Number of protein chains: 2
Amino acid sequence: MATENHNIFTSEIIDALSIDCTIFGFQESRLKVLLVKHAEGIIKNQWALPGGWVAYNEDIHVAAYRLLKDLTGVKELYLEQLKAFGEVDRYPKKRVITIAYYALTRPENYQLIPGFTASDARWFNIEDIANLPYDHGQILDFSWRRLKRKVKYAPIGFNLLPEKFTLLQLQELYEAILEIRLDKPNFRRKIMKMNLLVPCDEKQIGVSHRAANLYHFDMQVYDKLTEDGFIFEF
Amino acid sequence: MATENHNIFTSEIIDALSIDCTIFGFQESRLKVLLVKHAEGIIKNQWALPGGWVAYNEDIHVAAYRLLKDLTGVKELYLEQLKAFGEVDRYPKKRVITIAYYALTRPENYQLIPGFTASDARWFNIEDIANLPYDHGQILDFSWRRLKRKVKYAPIGFNLLPEKFTLLQLQELYEAILEIRLDKPNFRRKIMKMNLLVPCDEKQIGVSHRAANLYHFDMQVYDKLTEDGFIFEF
DNA sequence: AAAACTTGTAGTCATGTTGACTATAAGAAT
DNA sequence: ATTCTTATAGTCAACATGACTACAAGTTTT
């Protein structure tokens with residue numbers, strides 16, 4: 001088996017297995033993805049999905065959390081496994097199968113702290129991302145497709161919004177994820193019928209037009225919908 | 001790293017990585033799953049999901065095909081990866097992460113040929129399956145949940161039917177997968193509106209009642225629906 | 001041969017959902 | 001005061017849905 005120097009848990013990792021993660025965020029009505037600049041290794045100074053090696057005695061889901069925290073400083077997020085990517089030549093020099101995750105978080109809640117083997121961490125507009133190393137482009141595509149599908153039958157998109165938000169923000173979130181345009185009155189009608197949103201007794205502040213009502217989730221309905229699934233077709 | 005004897009590609013496999021597969025079939029209006037009886041190893045003589053080790057120079061998808069063919073004799077099927085299961089203690093004695101696949105096939109098209117490390121291979125009614133070893137019960141649950149979700153937005157369920165089939169067979173397939181009952185006329189109306197089915201100029205034979213029309217897929221529409229996705233809500 | 005039985009297939013109807021659109025409200029900026 | 005922007009309410013025709021009824025085309029029973 002080919003070997004190579006890597007400085008994380010050198011003696012303890014599962015040599016042929018890594019984790020890579022697509023972290024989605026939503027800011028200024030755009031869908032964003034968090035990339036890290038590698039500080040060392042084969043792709044030093046290139047932007048790539050955050051990832052790393054799984055320790056021998058570590059649950060893979062735990063490993064994904066650990067890597068994200070160490071590389072980017074992001075701690076609280078919705079994290080879900082996508083699938084394993086295992087083409088023979090996906091990684092140079094040796095055989096490495098990677099388990100891909102995707103995560104949803106709120107960029108404004110965190111200060112990015114590049115750490116470990118990352119010299120920088122930044123949010124990119126998803127449409128601007130090109131030329132990722134290895135098969136990270138493929139992983140990103142797969143992640144986005146999964147997100148597009150998932151927001152239609154689970155209320156997970158809400159993990160990307162601040163706690164209190166307007167209906168337009170919610171609509172723009174769907175528009176950004178699905179790359180479509182929606183009719184405002186119809187969107188309102190549809191989303192309100194689900195009883196998922198509860199109006200706060202608060203309005204937007206600091207906007208130069210009529211202030212919109214702020215809403216938050218009814219967590220009971222949220223949990224129920226998450227469990228039962230629902231269909232949100234446009 | 002803990003070691004152990006296994007007699008498949010002993011020197012060439014990725015030690016910590018295996019593949020397990022849930023193969024679905026549909027027979028006598030019931031949803032079935034193919035299990036194999038292990039001929040050796042830790043769970044000798046127990047029924048379990050077919051699976052095995054990935055070779056060092058083998059694409060994981062190719063490995064899944066190979067294992068299914070070797071263990072069960074089943075060659076042509078729809079095969080899709082689910083995800084990796086990687087709890088630390090899921091496998092005794094050493095750390096093994098498994099990549100789970102699920103497959104759809106037509107039981108009547110194949111003779112089961114247990115081979116390799118399997119002494120027997122048989123179709124089981126999915127509701128009758130209990131006490132699978134390792135975390136195979138969890139993998140089976142996950143597979144079924146994925147199948148339930150997937151048949152609602154892709155025409156994949158059709159991989160389980162014979163080439164020519166009646167509308168009732170199709171309806172019973174949905175009923176078996178989703179564990180629901182459907183109204184016959186309404187089901188017809190809905191499925192026919194999709195233009196997915198083309199009537200063969202043939203009727204059922206050998207039935208003791210009015211013979212139903214046989215249908216097959218319009219492969220063009222089938223491919224288009226597979227690509228675009230659709231919603232089949234009941 | 002007629003009646004009873006089983007499954008297939010067509011159609012009805014009230015209700016609900018959808019998409020496209022109009023209208024008005026509530027502010028801020030000019 | 002007028003204009004601009006976004007919020008929010010409501011209308012309407014077209015379509016989809018779920019619950020049924022009715023009838024057709026065969027087999028089996030009597």
Side-chain angles (χ1 to χ4, degrees), chain A residues 28-30 151-153 155 161-162 164-176 178-216 221 225 228-234, chain B residues 28-30 151-153 155 161-162 164-176 178-216 221 225 228-234:
Chain A
E28 292 133 25
S29 308
R30 314 288 289 276
V151 293
K152 289 184 176 182
Y153 62 80
L161 289 174
K164 297 172 181 180
F165 51 87
T166 68
L167 289 174
L168 187 57
Q169 277 179 293
L170 182 57
Q171 180 181 338
E172 285 172 341
L173 173 64
Y174 277 92
E175 290 180 335
L178 297 170
E179 298 183 288
I180 52 172
R181 308 283 356 234
L182 297 168
D183 178 86
K184 232 192 294 185
N186 291 344
F187 179 82
R188 293 176 65 81
R189 178 177 58 190
K190 191 150 190 174
I191 204 90
M192 293 314 287
K193 207 180 39 197
M194 298 169 67
N195 292 317
L196 179 58
L197 301 188
V198 182
C200 314
D201 272 339
E202 258 179 273
K203 285 185 186 295
Q204 244 178 340
I205 48 168
V207 287
S208 65
H209 54 78
R210 175 174 174 186
N213 234 313
L214 290 171
Y215 292 85
H216 65 90
V221 180
L225 284 179
D228 301 355
F230 70 125
I231 301 278
F232 207 97
E233 188 56 19
F234 301 102
Chain B
E28 293 134 24
S29 308
R30 312 288 289 274
V151 293
K152 290 185 174 180
Y153 63 79
L161 290 174
K164 296 171 181 182
F165 51 87
T166 68
L167 288 175
L168 187 57
Q169 278 180 291
L170 182 57
Q171 180 181 337
E172 285 171 341
L173 173 63
Y174 277 92
E175 291 180 334
L178 296 171
E179 299 184 286
I180 51 172
R181 310 284 355 238
L182 297 169
D183 177 86
K184 234 192 292 185
N186 291 344
F187 180 82
R188 296 175 64 79
R189 178 177 57 188
K190 191 151 189 174
I191 204 90
M192 293 314 286
K193 207 178 39 192
M194 300 170 66
N195 292 317
L196 178 58
L197 301 188
V198 182
C200 314
D201 272 340
E202 262 180 271
K203 285 185 185 295
Q204 247 180 336
I205 48 170
V207 286
S208 66
H209 54 77
R210 175 175 172 184
N213 234 313
L214 291 171
Y215 292 85
H216 64 89
V221 180
L225 284 179
D228 300 355
F230 70 125
I231 302 277
F232 208 95
E233 189 56 21
F234 301 102

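Remember, predicted model here, so these are calculated numbers, not experimental data. Labels below follow one simple rule: chain letters A, B, ... track the order of the sequence lines, proteins then strands, and each chain is numbered from 1.
Atom NZ of B:Lys164 is surrounded by 12 or fewer heavy atoms from other residues, nucleotides or ligands within 6.0 Å. Open room surrounds CD1 on B:Ile205; 12 or fewer heavy atoms of other groups in view lie less than 6.0 Å from it.
Going from atom CE of A:Met194 over to atom C1' of C:dT17 covers 14 Å, rounded to whole Å. A straight line from CD1 of A:Ile191 to C1' of C:dT18 spans 15 Å, rounded to a whole angstrom. For A:Arg188 and C:dC21, the CZ to C1' distance is 16 Å, given to the nearest whole Å. When the P atom of D:dA7 is taken as reference, atom CG of A:Leu170 falls 12 Å away, rounded to whole Å. Distance, B:His209 NE2 to C:dA3 P: 24 Å, rounded to whole Å. Going from atom NZ of B:Lys184 over to atom P of D:dA24 covers 17 Å, rounded to whole Å. Between the CG atom of A:Leu214 and the P atom of D:dA7 there is a distance of 11 Å, rounded to whole Å. One atom, CZ of B:Phe187, and another, P of D:dG18, lie 13 Å apart when rounded to the nearest Å.
Positionally, the nearest nucleotide of DNA chain C for A:Pro185 lies more toward the 5' end than for the other of A:Ala211 and A:Pro185. Nearest-nucleotide positions on DNA chain C for A:Asp183 and A:Lys203 put A:Asp183 closer to the 5' end.
Taking every heavy atom of both residues into account, A:Asp183 and A:Pro185 meet most closely at OD2-CD, 3.1 Å. Nearest heavy-atom pair, A:Ser29 versus A:Ala176, reported as atom, atom and distance to 0.1 Å: O-CB, 4.0 Å.
Side-chain atoms of A:Arg189 come within donor-acceptor range of the base of C:dG19, with a qualifying N/O pair under 3.5 Å. Residue side chain B:Arg210 does not reach the base of D:dG26 through any donor-acceptor N/O pair under 3.5 Å, judged by distance alone. Judged by distance alone, with hydrogens and angles left aside, B:Asn186 brings a side-chain donor or acceptor within reach of the base of D:dA19, the pair sitting under 3.5 Å.
Using modelled atom types, one side-chain atom of A:Gln169 and one backbone atom of A:Thr166 make a donor-acceptor pair closer than 3.5 Å.
Axis angle between the ends of the helix from C:dA1-D:dT30 to C:dT30-D:dA1, five pairs each and rounded to 10 degrees, works out to 10°.
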In sequence, state the C-alpha distance, the side-chain angles, and the governing distance for A:Tyr215 and A:Leu167, and then conclude on side-chain contact (heavy atoms from CB on, under 4.5 Å). CA-CA 7 Å; A:Tyr215 292 85; A:Leu167 289 174; 3.6 Å; yes
Begin from the C-alpha positions of B:Lys152 and B:Ile231 and carry the test side-chain contact (heavy atoms from CB on, under 4.5 Å) through to its verdict. CA-CA 6 Å; B:Lys152 290 185 174 180; B:Ile231 302 277; over 6 Å; no
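Residue contacts for A:Lys190: at a heavy-atom cut-off of 4.0 Å it reaches the sugar-phosphate backbone alone, with no base atom in range.
Closest contact between the side chain of B:Ser208 and the listed nucleotides D:dA9, D:dT28, C:dA29 involves D:dT28. Checking D:dT8, C:dT7, C:dT9 against every side-chain atom of B:Leu168, the shortest atom distance belongs to C:dT7.
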